[in-house]
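This chain uses plain numbering: 1 for the first residue, then up along the sequence. As a basis for the values below, the full set of heavy atoms in this structure was taken, side chains included, without hydrogen atoms, waters or symmetry mates. Whatever order the structure lists ligands and atoms in, that order sets their numbers, starting from 1.
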Amino acid sequence: VVKLGLDMPKLFETLDDFYQSSFVSIEQLNLNSATELINLIKQTKDNPNSLSNRAKNKILYSLFFNDSTRTRFSTETAWLKLGGQIVSQVGTNGSSLNKGETMYHTLATYASYLPDIIAIRCNEANLPLKATTWFPSISWVNCGDASNEHPTQAILDLFTISEVISDISKLKIAFVGDIKHGRTVRSLSKLLNLFGAQMYFVAPVSLQNQKEYELDKISYQYVDIENLIDIVQEVDIIYATRPQIERMNDSDKQKYQNGVYQITNQIMNSTRAKLLHPLPIDSSVFPEIHPEVDSHPQALYFQQMENGLYARMAILSLIVSGNQVFTNNNQTNKNFKSY
Ligand code: CP
(Lines give C-alpha, C1' and ligand atoms only; values in the text may rest on other atoms or scores of the structure.)
Protein backbone atom coordinates (compact mmCIF):
# COMPACT_ATOMS: atom_id res chain seq x y z
CA VAL A 1 0.00 0.00 0.00
CA VAL A 2 1.36 3.42 -0.96
CA LYS A 3 0.19 6.65 0.66
CA LEU A 4 1.49 10.08 -0.36
CA GLY A 5 4.08 8.28 -2.43
CA LEU A 6 5.37 6.59 0.73
CA ASP A 7 5.24 2.85 1.30
CA MET A 8 3.03 1.92 4.22
CA PRO A 9 4.92 -0.24 6.72
CA LYS A 10 4.08 -3.90 6.98
CA LEU A 11 0.37 -4.78 6.90
CA PHE A 12 -0.86 -6.87 9.78
CA GLU A 13 -2.55 -10.01 8.49
CA THR A 14 -2.11 -11.67 11.88
CA LEU A 15 -0.63 -10.61 15.21
CA ASP A 16 2.69 -12.18 14.22
CA ASP A 17 3.17 -9.31 11.76
CA PHE A 18 3.50 -6.76 14.57
CA TYR A 19 6.90 -8.11 15.58
CA GLN A 20 9.60 -5.46 15.05
CA SER A 21 7.23 -3.53 12.79
CA SER A 22 5.85 0.00 13.00
CA PHE A 23 2.24 0.87 13.75
CA VAL A 24 1.44 4.22 12.19
CA SER A 25 -1.96 3.73 10.56
CA ILE A 26 -5.13 1.83 11.29
CA GLU A 27 -5.02 0.91 7.59
CA GLN A 28 -2.33 -1.65 8.43
CA LEU A 29 -4.95 -3.86 10.11
CA ASN A 30 -7.46 -6.22 8.53
CA LEU A 31 -10.52 -7.87 10.04
CA ASN A 32 -8.54 -10.87 11.27
CA SER A 33 -5.71 -8.96 12.93
CA ALA A 34 -8.10 -6.42 14.45
CA THR A 35 -10.19 -9.22 15.96
CA GLU A 36 -7.11 -11.04 17.28
CA LEU A 37 -5.81 -7.82 18.78
CA ILE A 38 -9.06 -7.12 20.61
CA ASN A 39 -8.94 -10.62 22.07
CA LEU A 40 -5.32 -10.13 23.12
CA ILE A 41 -6.19 -6.89 24.90
CA LYS A 42 -8.92 -8.73 26.80
CA GLN A 43 -6.34 -11.27 27.95
CA THR A 44 -3.95 -8.49 28.87
CA LYS A 45 -6.60 -6.73 30.94
CA ASP A 46 -7.47 -9.98 32.72
CA ASN A 47 -3.86 -10.86 33.41
CA PRO A 48 -1.53 -7.85 33.02
CA ASN A 49 1.29 -9.30 35.11
CA SER A 50 1.89 -12.06 32.58
CA LEU A 51 3.58 -9.50 30.30
CA SER A 52 5.93 -8.13 32.92
CA ASN A 53 9.25 -9.03 31.23
CA ARG A 54 8.38 -8.54 27.58
CA ALA A 55 10.36 -5.32 27.25
CA LYS A 56 13.20 -6.17 29.61
CA ASN A 57 16.45 -4.43 28.52
CA LYS A 58 14.56 -2.64 25.74
CA ILE A 59 14.39 1.12 25.29
CA LEU A 60 11.41 3.24 24.29
CA TYR A 61 11.88 6.82 23.15
CA SER A 62 8.70 8.70 24.03
CA LEU A 63 8.51 11.79 21.82
CA PHE A 64 5.47 13.88 22.64
CA PHE A 65 6.04 17.11 20.80
CA ASN A 66 2.39 18.03 21.42
CA ASP A 67 0.27 18.05 24.54
CA SER A 68 -1.02 14.75 25.83
CA THR A 69 -2.13 13.34 29.15
CA ARG A 70 -3.64 9.94 28.45
CA THR A 71 -1.65 8.72 25.48
CA ARG A 72 1.72 9.63 26.95
CA PHE A 73 1.07 8.33 30.44
CA SER A 74 -0.61 5.12 29.29
CA THR A 75 2.12 4.44 26.71
CA GLU A 76 4.94 5.08 29.15
CA THR A 77 3.23 3.18 31.98
CA ALA A 78 2.49 0.29 29.63
CA TRP A 79 6.16 0.14 28.68
CA LEU A 80 7.31 0.23 32.31
CA LYS A 81 4.84 -2.55 33.14
CA LEU A 82 6.42 -4.57 30.34
CA GLY A 83 9.76 -4.14 32.09
CA GLY A 84 11.28 -1.65 29.65
CA GLN A 85 13.16 1.61 30.03
CA ILE A 86 12.21 5.05 28.70
CA VAL A 87 13.82 8.24 27.49
CA SER A 88 11.24 11.04 27.07
CA GLN A 89 10.96 14.27 25.14
CA VAL A 90 7.96 16.41 26.11
CA GLY A 91 7.31 19.40 23.87
CA THR A 92 10.42 20.91 22.30
CA ASN A 93 11.97 22.42 25.42
CA GLY A 94 15.48 21.17 25.87
CA SER A 95 15.60 19.93 22.30
CA SER A 96 17.78 21.35 19.52
CA LEU A 97 14.56 21.75 17.55
CA ASN A 98 14.46 25.04 19.45
CA LYS A 99 17.77 25.97 17.81
CA GLY A 100 16.22 25.54 14.39
CA GLU A 101 17.24 21.95 13.73
CA THR A 102 14.99 20.18 11.26
CA MET A 103 12.68 17.40 12.38
CA TYR A 104 14.50 15.07 9.97
CA HIS A 105 17.86 15.70 11.66
CA THR A 106 16.23 15.39 15.07
CA LEU A 107 14.66 12.03 14.27
CA ALA A 108 17.89 10.87 12.60
CA THR A 109 19.65 11.60 15.88
CA TYR A 110 17.17 9.61 17.93
CA ALA A 111 17.25 6.71 15.47
CA SER A 112 21.06 6.56 15.56
CA TYR A 113 21.04 5.66 19.26
CA LEU A 114 19.16 2.44 18.49
CA PRO A 115 16.04 2.55 20.64
CA ASP A 116 13.78 -0.46 20.18
CA ILE A 117 10.63 1.62 19.73
CA ILE A 118 9.90 5.29 19.17
CA ALA A 119 6.42 6.51 20.15
CA ILE A 120 5.65 9.87 18.58
CA ARG A 121 2.95 12.54 18.85
CA CYS A 122 3.33 15.54 16.57
CA ASN A 123 1.42 18.27 14.79
CA GLU A 124 2.60 17.26 11.32
CA ALA A 125 0.24 14.88 9.53
CA ASN A 126 1.99 11.74 8.27
CA LEU A 127 5.29 12.47 10.03
CA PRO A 128 5.20 8.99 11.69
CA LEU A 129 4.67 7.42 8.26
CA LYS A 130 7.57 9.44 6.83
CA ALA A 131 9.73 8.38 9.78
CA THR A 132 9.17 4.71 8.91
CA THR A 133 10.55 5.31 5.42
CA TRP A 134 13.45 7.48 6.62
CA PHE A 135 14.49 5.12 9.43
CA PRO A 136 12.99 1.70 8.71
CA SER A 137 15.10 -0.18 11.24
CA ILE A 138 13.20 1.49 14.08
CA SER A 139 9.68 0.47 15.17
CA TRP A 140 7.58 3.64 15.14
CA VAL A 141 4.27 3.98 16.93
CA ASN A 142 1.96 6.81 15.92
CA CYS A 143 0.48 8.37 19.06
CA GLY A 144 -1.48 11.00 17.11
CA ASP A 145 -0.31 13.04 14.11
CA ALA A 146 -2.25 16.29 13.71
CA SER A 147 -5.70 15.68 12.18
CA ASN A 148 -4.55 12.54 10.45
CA GLU A 149 -4.64 9.40 12.63
CA HIS A 150 -4.56 8.07 16.17
CA PRO A 151 -4.40 4.31 15.61
CA THR A 152 -3.72 3.11 19.17
CA GLN A 153 -6.69 5.22 20.30
CA ALA A 154 -8.90 3.50 17.72
CA ILE A 155 -7.83 0.12 19.06
CA LEU A 156 -8.66 1.00 22.65
CA ASP A 157 -11.95 2.51 21.47
CA LEU A 158 -12.89 -0.69 19.65
CA PHE A 159 -11.87 -2.75 22.65
CA THR A 160 -14.12 -0.65 24.90
CA ILE A 161 -16.99 -1.08 22.45
CA SER A 162 -16.34 -4.84 22.42
CA GLU A 163 -16.85 -4.91 26.17
CA VAL A 164 -20.49 -3.92 25.65
CA ILE A 165 -21.31 -4.99 22.05
CA SER A 166 -20.39 -8.50 20.98
CA ASP A 167 -21.13 -8.28 17.24
CA ILE A 168 -19.49 -5.20 15.76
CA SER A 169 -21.06 -5.91 12.35
CA LYS A 170 -24.40 -4.97 13.91
CA LEU A 171 -23.07 -1.90 15.71
CA LYS A 172 -24.73 1.45 15.16
CA ILE A 173 -22.57 4.36 16.24
CA ALA A 174 -22.97 8.13 16.10
CA PHE A 175 -19.79 10.21 15.91
CA VAL A 176 -20.63 13.61 17.31
CA GLY A 177 -18.45 16.74 17.20
CA ASP A 178 -15.68 17.67 14.83
CA ILE A 179 -15.93 15.10 12.08
CA LYS A 180 -13.71 17.08 9.77
CA HIS A 181 -10.56 17.47 11.86
CA GLY A 182 -10.81 14.71 14.45
CA ARG A 183 -8.07 12.10 14.12
CA THR A 184 -9.78 9.72 16.54
CA VAL A 185 -12.94 9.66 14.43
CA ARG A 186 -10.90 9.16 11.30
CA SER A 187 -9.01 6.16 12.71
CA LEU A 188 -11.96 4.54 14.48
CA SER A 189 -14.30 4.89 11.51
CA LYS A 190 -11.73 3.18 9.28
CA LEU A 191 -11.43 0.38 11.81
CA LEU A 192 -15.19 -0.07 12.17
CA ASN A 193 -15.44 -0.01 8.40
CA LEU A 194 -13.65 -3.40 8.42
CA PHE A 195 -16.50 -4.85 10.47
CA GLY A 196 -19.31 -3.23 8.48
CA ALA A 197 -20.70 -1.19 11.36
CA GLN A 198 -23.33 1.41 10.61
CA MET A 199 -22.07 4.93 11.28
CA TYR A 200 -23.64 8.34 11.57
CA PHE A 201 -21.49 11.45 11.43
CA VAL A 202 -23.27 14.09 13.44
CA ALA A 203 -21.80 17.57 13.16
CA PRO A 204 -22.62 21.15 12.35
CA VAL A 205 -22.30 21.78 8.64
CA SER A 206 -18.99 23.59 9.03
CA LEU A 207 -17.41 20.56 10.71
CA GLN A 208 -18.59 17.92 8.28
CA ASN A 209 -16.42 16.82 5.43
CA GLN A 210 -17.95 14.24 3.23
CA LYS A 211 -14.89 13.85 1.05
CA GLU A 212 -12.53 13.19 3.93
CA TYR A 213 -13.58 9.64 4.59
CA GLU A 214 -12.74 6.85 2.21
CA LEU A 215 -15.18 4.37 3.61
CA ASP A 216 -16.18 1.75 1.14
CA LYS A 217 -18.04 -1.07 2.79
CA ILE A 218 -20.09 0.54 5.42
CA SER A 219 -23.46 2.02 5.73
CA TYR A 220 -22.91 5.62 6.79
CA GLN A 221 -24.59 8.96 6.57
CA TYR A 222 -24.01 12.54 7.59
CA VAL A 223 -26.52 14.07 9.95
CA ASP A 224 -26.82 17.70 10.91
CA ILE A 225 -26.26 18.16 14.59
CA GLU A 226 -29.69 19.77 14.88
CA ASN A 227 -30.94 16.16 14.79
CA LEU A 228 -28.71 14.91 17.60
CA ILE A 229 -31.62 14.11 19.90
CA ASP A 230 -33.22 11.91 17.22
CA ILE A 231 -30.06 10.09 16.26
CA VAL A 232 -29.10 9.10 19.81
CA GLN A 233 -32.28 7.02 19.95
CA GLU A 234 -31.04 4.99 16.99
CA VAL A 235 -27.58 3.98 18.10
CA ASP A 236 -25.70 1.68 20.48
CA ILE A 237 -22.75 4.03 20.95
CA ILE A 238 -22.40 7.80 20.95
CA TYR A 239 -18.77 8.76 20.30
CA ALA A 240 -18.41 12.42 21.21
CA THR A 241 -15.34 14.47 20.38
CA ARG A 242 -14.10 17.95 21.13
CA PRO A 243 -16.00 20.29 18.81
CA GLN A 244 -13.05 22.63 18.14
CA ILE A 245 -15.22 25.73 17.98
CA GLU A 246 -12.31 27.73 16.65
CA ARG A 247 -12.88 25.92 13.37
CA MET A 248 -16.65 26.53 13.14
CA ASN A 249 -18.43 29.19 11.15
CA ASP A 250 -20.07 31.93 13.19
CA SER A 251 -23.57 30.47 13.08
CA ASP A 252 -22.45 27.02 14.28
CA LYS A 253 -20.19 28.58 16.90
CA GLN A 254 -23.10 30.57 18.33
CA LYS A 255 -25.22 27.44 18.68
CA TYR A 256 -22.45 25.54 20.45
CA GLN A 257 -21.82 28.39 22.84
CA ASN A 258 -25.52 28.50 23.64
CA GLY A 259 -25.28 24.87 24.69
CA VAL A 260 -27.66 23.64 22.02
CA TYR A 261 -25.58 20.52 21.32
CA GLN A 262 -24.22 19.69 24.73
CA ILE A 263 -24.67 16.06 25.83
CA THR A 264 -26.52 16.12 29.14
CA ASN A 265 -28.09 13.59 31.48
CA GLN A 266 -31.40 14.45 29.85
CA ILE A 267 -30.06 13.27 26.51
CA MET A 268 -28.43 10.20 28.06
CA ASN A 269 -31.68 9.29 29.83
CA SER A 270 -33.50 9.33 26.50
CA THR A 271 -31.38 6.53 25.01
CA ARG A 272 -29.92 3.11 25.78
CA ALA A 273 -26.68 4.16 24.01
CA LYS A 274 -23.35 4.11 25.79
CA LEU A 275 -21.27 7.27 25.64
CA LEU A 276 -17.59 7.27 24.65
CA HIS A 277 -15.21 10.20 24.28
CA PRO A 278 -11.46 9.91 23.62
CA LEU A 279 -10.95 12.83 26.08
CA PRO A 280 -9.97 15.49 26.92
CA ILE A 281 -13.30 17.31 27.16
CA ASP A 282 -12.76 21.02 26.65
CA SER A 283 -14.14 22.69 29.76
CA SER A 284 -12.68 26.10 28.95
CA VAL A 285 -15.53 27.44 26.80
CA PHE A 286 -18.50 25.11 26.80
CA PRO A 287 -17.95 21.43 27.59
CA GLU A 288 -19.38 19.15 24.91
CA ILE A 289 -20.43 16.76 27.69
CA HIS A 290 -21.95 18.27 30.82
CA PRO A 291 -19.95 17.33 33.95
CA GLU A 292 -23.08 15.74 35.44
CA VAL A 293 -22.75 12.96 32.83
CA ASP A 294 -19.46 11.73 34.34
CA SER A 295 -21.36 9.57 36.81
CA HIS A 296 -24.10 8.47 34.39
CA PRO A 297 -24.13 4.64 34.13
CA GLN A 298 -24.00 4.80 30.33
CA ALA A 299 -20.92 7.04 30.31
CA LEU A 300 -17.97 4.77 29.54
CA TYR A 301 -15.22 7.31 28.88
CA PHE A 302 -13.32 6.65 32.09
CA GLN A 303 -13.40 2.90 31.36
CA GLN A 304 -12.28 3.74 27.81
CA MET A 305 -9.38 5.80 29.16
CA GLU A 306 -8.31 2.98 31.48
CA ASN A 307 -8.37 0.54 28.58
CA GLY A 308 -5.65 2.61 26.92
CA LEU A 309 -3.17 1.04 29.30
CA TYR A 310 -4.06 -2.55 28.35
CA ALA A 311 -4.34 -1.78 24.65
CA ARG A 312 -0.89 -0.20 24.61
CA MET A 313 0.63 -2.98 26.71
CA ALA A 314 -0.63 -5.51 24.17
CA ILE A 315 0.50 -3.48 21.13
CA LEU A 316 3.96 -2.64 22.48
CA SER A 317 4.45 -6.20 23.65
CA LEU A 318 3.61 -7.57 20.21
CA ILE A 319 6.06 -5.18 18.57
CA VAL A 320 8.96 -5.81 20.92
CA SER A 321 8.58 -9.48 21.77
CA GLY A 322 6.18 -10.95 19.22
CA ASN A 323 2.98 -12.89 19.49
CA GLN A 324 4.15 -15.37 22.08
CA VAL A 325 2.36 -13.69 24.90
CA PHE A 326 -0.55 -15.94 25.48
CA THR A 327 0.28 -18.93 23.34
CA ASN A 328 -0.58 -21.29 26.15
CA ASN A 329 -3.67 -19.40 27.11
CA ASN A 330 -6.80 -20.20 25.16
CA GLN A 331 -8.84 -17.66 27.01
CA THR A 332 -10.42 -15.17 24.63
CA ASN A 333 -12.98 -12.44 24.95
CA LYS A 334 -16.05 -14.64 25.15
CA ASN A 335 -18.24 -11.63 24.56
CA PHE A 336 -16.54 -10.70 21.33
CA LYS A 337 -17.65 -12.41 18.15
CA SER A 338 -15.00 -13.89 15.88
CA TYR A 339 -15.02 -12.84 12.25
N1 CP B 1 -7.24 10.66 23.79
C2 CP B 1 -6.06 11.30 23.81
O3 CP B 1 -5.28 11.24 22.85
O4 CP B 1 -5.80 12.00 24.95
P5 CP B 1 -4.48 12.83 25.24
O6 CP B 1 -4.44 13.96 24.24
O7 CP B 1 -4.62 13.29 26.65
O8 CP B 1 -3.31 11.92 25.02
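- One finds no salt bridge joining Asp67 and Arg72 here, because no Lys/Arg side-chain nitrogen approaches an Asp/Glu carboxylate oxygen to under 4.0 Å.
- Between Tyr104 and Phe135, a ring centre-to-centre spacing shorter than 6.0 Å is recorded.
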Exercise. Would Lys45 and Glu163 count as a salt bridge (charged side-chain N to carboxylate O under 4.0 Å, His left out) if you check the C-alpha gap in whole Å, the side-chain angles of each, and the deciding distance to 0.1 Å?
Worked result: CA-CA 11 Å; Lys45 187 171 181 177; Glu163 294 187 302; 2.9 Å; yes
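- Other residues, nucleotides and ligands contribute at most 12 non-hydrogen atoms within 6.0 Å of the CD atom of Gln266.
- Those atoms of ligand 1 with a heavy atom of Leu279 less than 4.0 angstrom away are 1 (N), 2 (C), 4 (O).
- Below 3.5 Å of separation, one finds an N or O of Pro278 facing an N or O of ligand 1.
- Polar contact check, Gln153 against ligand 1: a nitrogen or oxygen pair lies under 3.5 Å apart.
- Considering only non-hydrogen atoms, atom 5 (P) of ligand 1 lies nearest to Thr69 out of Asp157, Asp67, Thr69.
- Neither side chain, Thr241 nor Asp178, offers a donor N or O lying under 3.5 Å from an acceptor on the other.
- Among all non-hydrogen protein atoms, the one lying nearest atom 6 (O) of ligand 1 is Arg121 NH1, 2.9 Å.
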